[in-house]
Amino acid sequence: MSGQGAFGGDAARKHALIADVADKGPVYTAWLTPAVLDGKPGDLAAGQGLHPAIGYLLPPLGTYDQEADSGVFYQAALEAVPVGADEPGIVRAWFLWAWDHPTYGLSIPLRGTSLEAAAETIIDLVRESRSKPIEPKRWRQARAALSAKMDETGLDPEIADPILSMAWDIETTPAIGADVFSAWMGPVFQAAHTSQTWTEADAQAHGAKLGELSQKAMAEIGEVRQGDPEQYAQYKAIMETLWSGDPATATLYRRQQAHQAAANAIIAAWRAEVRRGFIACAEAAAQAVAA
Amino acid sequence: MTQIDDVKTDEFETLVLKSDLPVFVDFHATWCGPCKAMMPALEDIAREYQGEIKIVKVDIDAEPKIAETYGILGVPTFIMMQGGQAKERVSGGMTRGKLAAIFERFAGEAQ
């Protein structure tokens, strides 16, 4: 925990971290990523004067990216977090923003279902937790009620997952921001890849062809040298040639590329919005610090 | 932090199959990144459901007989055991929300 709020209440520490991100540039496209893989981003964040709640949420917001602009996002996000801010409060505000979002809102798939009331109980607890601690048993009861409803209805559990993931004390379970992000992204990812023009059969045919051509390319290359960019470029060039080998294969490749680009664009739009939401919540925390 | 212990083949019957509590078994491997990434979530869940549901780990490379018995083809794979029977099985990384949904079903029975 940072004790005196964000950056330990020290503006110099904030500026040093932002300068470090700017200096390192592309290296920071993977900021905190090794710690995420080791499961300890909270420890690393604490070393930089950040609360683990922020430490767990920033990496998924920043690194699940096709365009390698994570460094730009990290700088903007860190700029937005006020020195001395209540960082768990920023994450809680982001949860509430996610619930109410007009397009991607977590409340939307639950509206009119028998899960709605139990989910709203959890959202009310998140609201309440912004001003006072919540007894652990109330989180537990709220989770149990939503889980029980989910079992009764047989609705897709994915729609309740982000809400169940919020229903914890963020001080003792600071990684929940990453869980909410992940649970929110799952259905977005699935919807982005659901298409009238790219079926499951297409995906299987593409996968089988990819495996076949990849084996041919590897056989042509010979001994693999891990991490060799020249060899990887050679592999990609061979694959391009193989994909254009006959009209049917070339068509399958073009269709898959078009589908992937369309899906990436849908996910990128969502990701840009959830990043914007985080920055807005962080900026709003400045008012609380000023007060 | 709540310690989650690895179970060896000769302990499995006592600690898992004959346990009075439901046992959530995490089949993992030391080389598996997603398995490591799951550990903080499992530790949080273990703390939350302490005294109601046990969590143990099985290293599939060190204990291949257990992995074979339960047909473990990939890691992480999780099996909720109760009364010596595999009651629920899930694979891959999971949020605390998904874990809680599973645990609530079995914690209710234990209470």
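Order of the sequence lines fixes the chain letters, A, B, ..., with proteins taken first and strands second; residue numbering starts at 1 for each chain. This structure is a prediction, so every number in the text was calculated from the model and none was measured. Values reported hereafter were calculated over all heavy atoms of this structure, with side chains retained and with hydrogens, waters and symmetry mates removed.
Taking 4.5 Å as the heavy-atom cut-off, none of the residues of residues 5-13 of chain B approach chain A. Heavy-atom proximity under 4.5 angstrom to chain A picks out B:Thr95, B:Arg96 from residues 84-96 of chain B. Residues of residues 111-130 of chain A having a heavy atom under 4.5 Å from any heavy atom of chain B: none.
To the nearest 0.5 Å, the span separating CG on A:Leu146 from CD on B:Glu104 amounts to 10.0 Å. Note that CZ of B:Phe103 is 10.5 Å distant from CZ of A:Arg140, once rounded to the nearest 0.5 Å.
With sequence neighbours excluded, the residues that form a side-chain contact (heavy atoms from CB on, under 4.5 Å) with A:Asp169 are A:Trp139, A:Glu171, A:Thr172.
Contact annotation for A:Asp151: only side-chain heavy atoms (C-beta onward) come within less than 4.5 Å of a heavy atom of chain B.
Heavy atoms of other residues, nucleotides or ligands lying less than 6.0 angstrom from CZ of A:Phe189 number 12 at most.
Counting all heavy atoms, side chain and backbone alike, B:Gly97 lies closest to A:Ser165 at N-OG, 3.2 Å. In plain terms, the two heavy atoms of A:Ser147 and B:Ala101 that are nearest each other are OG-CA, 3.6 Å.
Highest contact tally toward chain B, considering only A:Pro162, A:Ala175, A:Pro136, A:Ala178, is held by A:Ala175 [criterion: heavy-atom pairs under 4.5 Å].
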